[in-house]
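One structure is given below, encoded as structure tokens.
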Amino acid sequence: MPAENQSSSSGFILQGFSDYPDIQIPLFCLFLLIYLLTLQGNVLILIVIYQTSLLHIPMYFFLCNLAFIDLCASSVSQPKLLLILLRRDNTISFGGCMTQLHCFIALACTEFVSLTVMAYDRYVAICNPLRYLIVMNRRVCVMLVIACWVFSFAEPVSHTVLISHLPFCRSQTIDHFFCDPSILLTLSCANTFPIEMLKYVLGSLVALPAFALTVASYTYIISTIIKIHSATGRKKAFSTCTSHLAVVSLFYGTTMITYMRPTSQYSSTTSKPFSFLYTALIPLINPFIFTLRNKDIKQHISDQIEVIRSHLPSVGAPAK
């Protein structure tokens with residue numbers, strides 16, 4: 001069998017965190033806890049917003065979309081990583097690797113676009129509050145979310161197809177816990193320069209406009225908040241934006257540090273911590289950032305907990 005066709009028939013080997021063989025089970029327990037908390041936190045946001053009619057406004061609709069993105073993003077790589085740590089099942093088929101690659105890039109694009117839409121939502125709410133529910137009506141919100149998902153899953157198709165046709169003859173071992181696009185390029189013995197250029201072009205088409213629109217939105221937001229005479233009003237207006245700003249900073253910072261550099265300078269040693277940050281920790285942190293800074297969601301979560309407790313039998317109470 002030719003070397004270039006071997007990877008497409010037998011797949012790849014994900015090294016994961018094999019550099020630490022003595023702590024595979026502790027790592028499994030830690031990553032399992034992170035994954036379960038991620039699922040619990042994001043599902044809780046979806047349930048609370050769905051069941052609370054007072055939260056059926058554009059801001060929380062987009063927050064639901066972000067929570068669903070985080071659920072999907074964490075599930076792209078985390079289940080396979082847990083299998084690697086628990087059962088040493090570190091092989092992945094060629095088709096599975098390409099699917100994971102495409103979903104990883106697509107969901108990253110989805111989060112970029114979604115965070116931009118959320119910034120625009122805050123801009124309309126603060127800078128044009130009287131027309132907020134007219135501009136951000138239900139039809140507009142639904143169309144924005146649909147466009148976000150369709151564009152984000154269509155945009156990386158060419159990139160995924162080109163990588164899938166590369167000959168991987170240098171090695172079948174991916175020194176990462178998922179099919180990282182930058183590492184896959186280093187495994188090919190073909191000229192990957194056109195694909196690298198495409199990566200920067202496609203990345204620029206998504207990240208740069210998203211970043212520019214987010215900065216523009218917050219420039220107008222901050223200028224509007226400064227003009228508010230009441231200190232209480234300024235604090236209330238700014239409090240609706242701080243959670244979003246924190247999430248934007250984390251996501252943009254980690255992805256740009258990791259991927260906006262030449263493949264020749266790419267190192268899996270430094271990439272793994274950053275990759276774990278935005279594939280596992282950011283989806284975990286997002287629900288806590290939004291709920292801790294949002295009195296409405298905190299109140300309704302507390303109400304839901306009280307309802308659940310009221311339906312539980314009291315300790316020591318006689319059975320009826």
Shared hydrophobic cluster, Val206 / Leu208 (ILVMFWY, side-chain heavy atoms < 4.5 Å): no
Spacing of Cys148 atom SG and Met143 atom CE [to the nearest 0.5 Å]: 12.5 Å
Note, Pro181 side chain near Phe104 side chain (heavy atom, < 4.5 Å): yes
Closest heavy-atom pair and its distance - Ser204, Pro209: O-CD, 2.9 Å
Joint cluster assignment, Leu71 & Leu33, ILVMFWY side-chain distance < 4.5 Å: yes
Crowding at CZ, Phe17 (>12 non-hydrogen neighbours, <6.0 Å): yes
Inter- and intrachain pairs under salt bridge (charged side-chain N to carboxylate O under 4.0 Å, His left out), touching residues 185-195, at least two apart: none
Main-chain N/O of Phe153 paired with His102 side-chain donor or acceptor, under 3.5 Å: yes
Heavy-atom neighbours of His165 NE2 exceed 12 at 6.0 Å: no
Ser93 (side chain) donor-acceptor with Gly96 (main chain) under 3.5 angstrom: yes
Polar side chain donor-acceptor pair, Tyr123 to Thr224, under 3.5 angstrom: no
Spacing of Ser18 atom OG and Gln24 atom CD [to the nearest 0.5 Å]: 7.0 Å
Non-hydrogen side-chain atoms of Cys169 and Ser188 separated by less than 4.5 Å: no
Taking every non-hydrogen atom, the tightest pair across Pro283 and Tyr278: CD-O, 3.7 Å
Disulfide bond (SG atoms under 2.5 Å apart) between Cys72 and Cys103, intermediate numbers included: CA-CA 9 Å; Cys72 296; Cys103 290; over 6 Å; no
Interatomic spacing from CD1 in Ile49 to CE in Met59 - rounded to 0.5 Å: 8.5 Å
Non-hydrogen side-chain atoms of Leu81 and Phe31 separated by less than 4.5 Å: yes
Residue list, side-chain hydrogen bond (donor to acceptor under 3.5 Å, both in side chains) with Asn65, at least two apart or on another chain: Ser114, Trp149
Flag side-chain contact, heavy atom, 4.5 Å: Leu107 against Glu111: no
Residues forming a disulfide (SG to SG under 2.5 Å) with Cys109, sequence neighbours excluded: none
Lys80 side chain reached by Asn90 side chain, heavy atoms, under 4.5 Å: no
Co-members of Ile226 in a cluster of I, L, V, M, F, W and Y side chains, linked at under 4.5 Å: Ile222
Nearest heavy atoms of Val76 and Gln100, plus distance in Å: O-NE2, 3.1 Å
side-chain contact (heavy atoms from CB on, under 4.5 Å) partners for Val140, two or more places apart: Asn137, Leu144
Sub-4.5 Å side-chain heavy-atom contact between Met136 and Tyr120: yes
Interatomic distance, Leu27 atom CG to Leu85 atom CG [nearest 0.5 angstrom]: 6.0 Å
Which atom of Pro156 lies closest to which atom of Ile105, heavy atoms considered: CB-CG2, 3.4 Å
Gap between atom CG of Leu184 and atom OG1 of Thr186 - 0.5 Å precision: 7.5 Å
same_hphob_cluster(Ile134, Tyr60) at 4.5 Å side-chain heavy-atom cutoff: no
Evaluation steps, side chain to side chain contact (heavy atoms under 4.5 Å, CB included), between Ile183 and Phe12: CA-CA 12 Å; Ile183 292 185; Phe12 297 96; over 6 Å; no
Interatomic distance, Ile285 atom CD1 to Phe251 atom CZ [nearest 0.5 angstrom]: 13.0 Å
Path from Leu213 to Leu205 over hydrophobic side-chain contacts below 4.5 Å: no
Side chains of Phe62 and Val145 in contact at under 4.5 Å (non-hydrogen atoms): yes
Same cluster (ILVMFWY, side-chain, under 4.5 Å), Val161 and Val150: no
Heavy-atom pair of closest approach, residues Cys127 and Tyr220: SG-O, 3.6 Å
Partner set under ring pair (Phe, Tyr, Trp, His ring centres under 6.0 Å) for Tyr252, not counting sequence neighbours: Phe112, Phe211
Under 3.5 Å side-chain donor-acceptor pair for Asp121 and Tyr132: yes
Shortest non-hydrogen contact between Ile84 and Asp89, atoms and distance: CG1-O, 3.4 Å
Thr116 vs Val113 side-chain heavy atoms within contact, under 4.5 Å: no
Check against side chain to side chain contact (heavy atoms under 4.5 Å, CB included), His244 and Ile289: CA-CA 8 Å; His244 181 258; Ile289 291 176; over 6 Å; no
Working for side chain to side chain contact (heavy atoms under 4.5 Å, CB included), residues Ser77 and Phe276: CA-CA 9 Å; Ser77 59; Phe276 190 77; over 6 Å; no
Full working for side chain to side chain contact (heavy atoms under 4.5 Å, CB included) between Gln15 and His176: CA-CA 6 Å; Gln15 282 197 326; His176 218 298; over 6 Å; no
Cystine candidate Cys179-Cys97, SG separation under 2.5 Å: yes
